[in-house]
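Please read the structure below before turning to the comments.
Heads up: numbering here begins at 1 and tracks the sequence.
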Amino acid sequence: MFLKTDQTYLRALEPTDLDFLYSLENDTTVWHVGNTLTPYSKFVLEQYLENAALDIYTVKQLRLVICNSDSQPIGAIDLYDFDPLHRRAGIGIVITAEHRGNGHASDALNLLLDYCFKTLQLHQVYCSVTATNLPSIHLFTKAGFAKVGVRKAWFLTPDGWEDVVEMQCICDAKPKL
């Protein structure tokens, strides 16, 4: 397995991930991260899992399950808006509440960055993080992302408008054309 550290590994989605995915996608505490307002049915998620094996060049996205060393699924990490022409993609990550703060997000992000830059040969990756999500801003900064802008009053929350920090990580390697 090439996307692995001592405590964390990334793997493709499996049909057996239905219940895990159902609980992850219907966790209302993280809906604001994915701009979600409605729950997902198991039927819709089953259809999604059936197509999860499609090539990233076809569907322009990739979701990997984050597992701990006990092979327990503890989160997901996504590439979205994959653009092979301009060699860039967005990154999103979520770790279940009980597994946060144990280094799994950092491991998963670094594994995915290695995959993005070495295997997919992307030039850059980017993310959007709410300004109050300091743990995520720290996570991406530690992984080499730089703040490139702020979208003012971008998300409406029950507490009012929230800014979103735009972050970007550019690969230092020269392109292999």
Look at the side chain of [X] and the backbone N and O of [Y], then say whether any donor-acceptor pair between them is shorter than 3.5 Å.
{"X": "Q7", "Y": "N102", "result": "yes"}
{"X": "S23", "Y": "F20", "result": "yes"}
{"X": "D27", "Y": "L24", "result": "no"}
{"X": "N26", "Y": "Y40", "result": "yes"}
{"X": "R87", "Y": "Q121", "result": "yes"}
{"X": "D78", "Y": "I91", "result": "no"}
{"X": "D70", "Y": "Q72", "result": "no"}

* **From CA spacing to verdict: side chain to side chain contact (heavy atoms under 4.5 Å, CB included), Y115, L62** => CA-CA 12 Å; Y115 175 73; L62 172 69; 3.9 Å; yes

Which atom names give the shortest non-hydrogen contact between [X] and [Y], and what distance separates them?
{"X": "A105", "Y": "I95", "answer": "CB-CG1, 3.8 Å"}
{"X": "P73", "Y": "V65", "answer": "CB-CG1, 3.6 Å"}
{"X": "A153", "Y": "D163", "answer": "N-OD1, 2.7 Å"}
{"X": "A131", "Y": "E162", "answer": "N-OE2, 3.9 Å"}
{"X": "L21", "Y": "R63", "answer": "CD1-NH1, 3.3 Å"}
{"X": "Y80", "Y": "C127", "answer": "OH-CA, 4.4 Å"}

In the single-linkage hydrophobic clustering (I, L, V, M, F, W, Y; side-chain heavy atoms under 4.5 Å), do [X] and [Y] co-cluster?
{"X": "V44", "Y": "L18", "value": "yes"}
{"X": "V59", "Y": "L13", "value": "no"}
{"X": "I77", "Y": "I137", "value": "yes"}
{"X": "V165", "Y": "L156", "value": "no"}
{"X": "L64", "Y": "I56", "value": "yes"}

Once rounded to the nearest 0.5 Å, what's the spacing between atom [atom1] of [X] and atom [atom2] of [Y]?
{"X": "D17", "Y": "Y22", "atom1": "CG", "atom2": "OH", "value": "16.0 Å"}
{"X": "D114", "Y": "K118", "atom1": "CG", "atom2": "NZ", "value": "4.0 Å"}
{"X": "C169", "Y": "F140", "atom1": "SG", "atom2": "CZ", "value": "10.5 Å"}
{"X": "K42", "Y": "D19", "atom1": "NZ", "atom2": "CG", "value": "4.0 Å"}
{"X": "L3", "Y": "T8", "atom1": "CG", "atom2": "OG1", "value": "11.5 Å"}
{"X": "L45", "Y": "E50", "atom1": "CG", "atom2": "CD", "value": "11.5 Å"}

Would you mind reporting whether [Y] and [X] have side-chain heavy atoms less than 4.5 Å apart?
{"X": "V125", "Y": "F117", "value": "yes"}
{"X": "T141", "Y": "M167", "value": "yes"}
{"X": "R88", "Y": "L122", "value": "no"}
{"X": "K142", "Y": "S106", "value": "yes"}
{"X": "L113", "Y": "N110", "value": "yes"}
{"X": "F145", "Y": "L139", "value": "no"}

* To do: Could you tell me which residues satisfy ring-ring contact (aromatic ring centres under 6.0 Å, His included) with Y57, sequence neighbours excluded, listed by chain and number?
  => F82

* With sequence neighbours left out, what residues match Y126 under ring-ring contact (aromatic ring centres under 6.0 Å, His included)? -> none

* To do: Let me see the working for H86 and H123 under side chain to side chain contact (heavy atoms under 4.5 Å, CB included), right down to the final yes or no.
  => CA-CA 8 Å; H86 300 291; H123 171 64; over 6 Å; no

* Tell me, with the steps shown, if I66 and H99 meet side chain to side chain contact (heavy atoms under 4.5 Å, CB included). => CA-CA 11 Å; I66 303 167; H99 291 98; over 6 Å; no

* Sidechain N-carboxylate O distance under 4.0 Å for D107, K4 -> no

* Asked: Should we count CG of D55 as having more than 12 external heavy atoms under 6.0 Å?
  -> yes

